[in-house]
Asker: 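Take this structure, written in structure tokens, and hold onto it; I'll ask about it next.
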Number of protein chains: 2
Amino acid sequence: MASSRPTLADVAAAAGVSVSTASLAFSGAGPIAATTKDRVLAAATALDYSGPNPLGRQLRSGRSGIVGVLIGDQLRRSFRDPVSIQMLDGLASTLGPLGFGVLLIPGAADQPPAHLDPLVESAVMDVAVLICGATADDANLATLRRRGIPVISVEGEPLEGVIEVGIEDRVGAAELGRHVQGLGHERIAIVSLPFDWQRRSGVATPARLAEIRWEIPRRRLAGLTDAGIVPVAVYETPASLVEHGKAAGHALLAGPDRPTAIIAQSDLLASGVVLAARELGLRVPQDVSVAGFDGLDLPWLAPDVLTSVSQPLAEKGAVIGRAVQALMSGELPGPETLGMTLQVGTTTGPPPAH
Amino acid sequence: MASSRPTLADVAAAAGVSVSTASLAFSGAGPIAATTKDRVLAAATALDYSGPNPLGRQLRSGRSGIVGVLIGDQLRRSFRDPVSIQMLDGLASTLGPLGFGVLLIPGAADQPPAHLDPLVESAVMDVAVLICGATADDANLATLRRRGIPVISVEGEPLEGVIEVGIEDRVGAAELGRHVQGLGHERIAIVSLPFDWQRRSGVATPARLAEIRWEIPRRRLAGLTDAGIVPVAVYETPASLVEHGKAAGHALLAGPDRPTAIIAQSDLLASGVVLAARELGLRVPQDVSVAGFDGLDLPWLAPDVLTSVSQPLAEKGAVIGRAVQALMSGELPGPETLGMTLQVGTTTGPPPAH
DNA sequence: CCGCACCATCGAATCGATTCGACAACCAGC
DNA sequence: GCTGGTTGTCGAATCGATTCGATGGTGCGG
């Protein structure tokens, strides 16, 4: 055994105690004499033993301390969106001190829901978190269920046996909609997040609008409808990125009957619209009002400050972390919904006089 | 056994074969009759058995298939920098198909190198990747060594027994420096990445310049020195973020003898400098030239395109992935260094006539 | 002085799989 | 018909720890 790494048995032998006593010296779960403990620890140091191998512990306890986070293909795409980052940060910050690690499970790009990512099948995890907006026909979800892994879904659709953590984006969208309408706008366009994994780009036809698959754009659109908004156009984007917002802005603002207000479903999209307006020589908000969603801090948009409804991103992560903790204690946490708050910036104002 | 999840032993019993045969049916490692295999698989389906528990497999093989990535506190901070994201994306994309998962190991914010993050001690991993620029006095590194976990260091300092993956940023910096000097600039200021975990902000004194702890700012600074640049000022920033670049730009461009060119050590910092110049009413590059580092695509800077030296971020991730694979095959991969390429944009030009 | 309780320690079972060596059955060749 | 090789299956050891129940001491109270 000279070549391979020492095990608890080696340490126990060196200290002249049994394996079980040596285990007690490290775990502290049980009565042990101080002198014995010191002897074991000394033997461990002498053998260069670096503590109990987590694998052995895990096998016995059935727990790995790993939380799998299914991020879809967001690493490449939406992770350029601070929304995902800040939530992941909140999650990791809550989980880390509890001894849980976050395992990133990336998905292949632009796959239909039937696609199964290999790590979902093979990776060890105690809990899975779906941050990509789960749908019922997701093959990954089916696999997780089969494996008996508890699932937490973030802003997904309500699903059997899945713990939901969401935000009141429908309410928030309605509030934002009423704010814009209250300013007097009548020609309002919407820049939407992707409808489904096809990630199309352009003004959506009524038929297309009827088949929105993903929950987030659907809810936010529904919120605006709740506020009584009948949009003059809904522009579908392939991802929540500045460049797509800019393309949408150019498309919507170039025509003859341009809208007097544009509401985007994310701040990154909204900032792209602001940039498009600037490039077209339009003043914000005098010529066109722009509002976003999420409440990010976008330093490069200065001096403009986006009107937006902000969501508590770090808290969202923390809530997920607490749900994980509850699950591991054997409890079944209920669904949680976080509120949003309207933040009026400098990018919305009354519509132009004529 | 009705309540708990079925095990391979249950399946074997149901199929009327031994555990070893049942194992063969799943792993395929060994001769097995087609009829027997079908019988085992049928029994597995009947029992709702979801395949061998990875934990058991791992304990036996000693491999977890997990690559720990120590990101420092970058999740909060520099992960807003696409540099980290794109590299992580490249890493995850290479590792995923190989059956490896990426475990995020966050660090606490602003800790001295003696700080040890709990997951480094306890998490299961086959290889650790340090993407935060390792230093020799890092407590996390010491722990990884004690645990016998191979370490890959990205752009860190050369360390005993650590596999290095780097970029030729000193060469790239020199090339960028020569480009700027070739345009005729003589008053050149530098906006630097953080020197150490203290993350100070402001123009660095000569004493401060002599004690740069982190490798990346030091190498990039050395490259500019190689090009013969003697900066009129080096501004130290707390992180590679737009707002800090903007603050640096304001500080450097407000004075009476403002530099005619500013070289930033990252594109995010450089874009902040451009924004500061715009706010001060300075034209880029007519009044001041700005150059960056990394070669990112920053859509919101349009119509400006940053002059920068670009690094192959996705390939950096892929190289790390291959190093991991080599390590797991028992090989000892050598250090790798990737080249950078100068990309001249619209933000650099000759200095103003007077 | 006896007995009860408690503390420290140990042995053995357990977690869920992989894998090596043994063994039996079967086929082909001589 | 016997031998040698292949193929399929099985039993048992193994990975590295935790944990339960048992045992042997010690101390305290009655």
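Below, each value reflects all heavy atoms present in this structure, side chains not excepted, and no hydrogens, waters or symmetry copies.
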Asker: Are OP1 or OP2 of D/dG16 and a side-chain N or O of A/Y49 less than 4.0 angstrom apart?
Answerer: no

Asker: What is the nucleic acid contact for B/S23, judged by heavy atoms within less than 4.0 Å: base, sugar-phosphate only, or nothing?
Answerer: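 Base contact - B/S23 has a heavy atom under 4.0 Å of at least one base atom.
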
Asker: For A/L55 and C/dG16, what is the distance between atoms CG and C1' respectively, to the nearest whole Å?
Answerer: 12 Å

Asker: Could you pull out the closest heavy-atom pair between A/D126 and A/G62, with the gap in Å?
Answerer: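 Answer, listing the atom of A/D126 first, then A/G62: OD1-O, 4.2 Å.
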
Asker: Take nucleotides 8-14 of chain C nucleotide by nucleotide from the 5' end and write B, S or -, depending on whether a protein heavy atom sits under 4.0 Å from the base, only from the sugar-phosphate, or from neither.
Answerer: SBBB-BB

Asker: Would you call A/D48 and B/R145 a salt bridge, using N to O less than 4.0 angstrom?
Answerer: no

Asker: At their closest point, which heavy atom of B/P312 faces which heavy atom of B/L338, and how far apart are they?
Answerer: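 Heavy atoms of B/P312 and B/L338 come nearest at CG-CB, 4.0 Å.
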
Asker: Please report, rounded to the nearest Å, how far the P atom of D/dG16 is from the CD atom of B/Q58.
Answerer: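 Atom CD in B/Q58 sits about 14 Å away from atom P in D/dG16.
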
Asker: I want to check something: taking the side chain as every heavy atom from C-beta on, are B/L91 and B/V69 in contact at a cut-off of under 4.5 Å?
Answerer: yes

Asker: Quick one: side chains of residues 51-61 of chain B, donor-acceptor pairs under 3.5 Å with protein atoms, not counting sequence neighbours, listed by atom name and distance.
Answerer:
{"residue": "B/N53", "atom": "OD1", "partner": "B/L55", "partner atom": "N", "Å": "2.8"}
{"residue": "B/Q58", "atom": "NE2", "partner": "B/S64", "partner atom": "O", "Å": "3.3"}
{"residue": "B/S61", "atom": "OG", "partner": "B/R57", "partner atom": "O", "Å": "3.0"}
{"residue": "B/S61", "atom": "OG", "partner": "B/Q58", "partner atom": "O", "Å": "3.4"}
{"residue": "B/S61", "atom": "OG", "partner": "B/R63", "partner atom": "N", "Å": "3.3"}

Asker: Between B/N140 and B/L116 (side chain of the first, backbone of the second, donor and acceptor by atom type, cut-off under 3.5 Å), is there such a pair?
Answerer: no

Asker: Round to the nearest Å and state the distance from B/N53 atom CG to C/dT18 atom P.
Answerer: 10 Å

Asker: Going by atom type alone, with no hydrogens or angles, which donor-acceptor pairs under 3.5 Å involve a side-chain atom of residues 316-333 of chain B and a protein atom two or more places apart or on another chain?
Answerer:
{"residue": "B/K316", "atom": "NZ", "partner": "B/E155", "partner atom": "OE2", "Å": "2.5"}
{"residue": "B/K316", "atom": "NZ", "partner": "B/Q311", "partner atom": "OE1", "Å": "2.8"}
{"residue": "B/S329", "atom": "OG", "partner": "B/Q325", "partner atom": "O", "Å": "2.7"}

Asker: Just so I know, are the side chains of B/V151 and B/I163 near enough to count as touching, which here means a heavy-atom distance under 4.5 Å?
Answerer: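 Counting from C-beta outward, B/V151 and B/I163 never come under 4.5 Å.
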
Asker: Per the end-axis method with five pairs at each terminus, what is the bend angle of the helix from C/dC1-D/dG30 to C/dC30-D/dG1, to 10°?
Answerer: 50°

Asker: Could you tell me whether the side chain of B/I167 reaches within less than 4.5 Å of the side chain of B/T337, counting heavy atoms only?
Answerer: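 Contact flag for B/T337/B/I167 side chains = no.
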
Asker: Distance check needed: D/dT18 P versus A/L8 CG, whole Å only.
Answerer: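 Result: 7 Å.
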
Asker: To the nearest Å, give me how far apart CG (A/L59) and P (D/dG16) are.
Answerer: 12 Å

Asker: Answer yes when B/E121 and B/R146 have at least one side-chain N-carboxylate O distance shorter than 4.0 Å, and no when they do not.
Answerer: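 Salt bridge: yes.
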
Asker: Please list each protein N or O that sits under 3.5 Å from an N or O in nucleotides 22-25 of chain D, with the distance.
Answerer:
none

Asker: Indicate every side-chain donor-acceptor pair of residues 21-44 of chain A with a distance under 3.5 Å to a residue at least two apart or in another chain.
Answerer:
{"residue": "A/T21", "atom": "OG1", "partner": "A/S18", "partner atom": "OG", "Å": "3.1"}
{"residue": "A/S27", "atom": "OG", "partner": "A/S23", "partner atom": "O", "Å": "3.2"}
{"residue": "A/S27", "atom": "OG", "partner": "A/A29", "partner atom": "N", "Å": "3.3"}
{"residue": "A/R39", "atom": "NH1", "partner": "A/A15", "partner atom": "O", "Å": "2.6"}

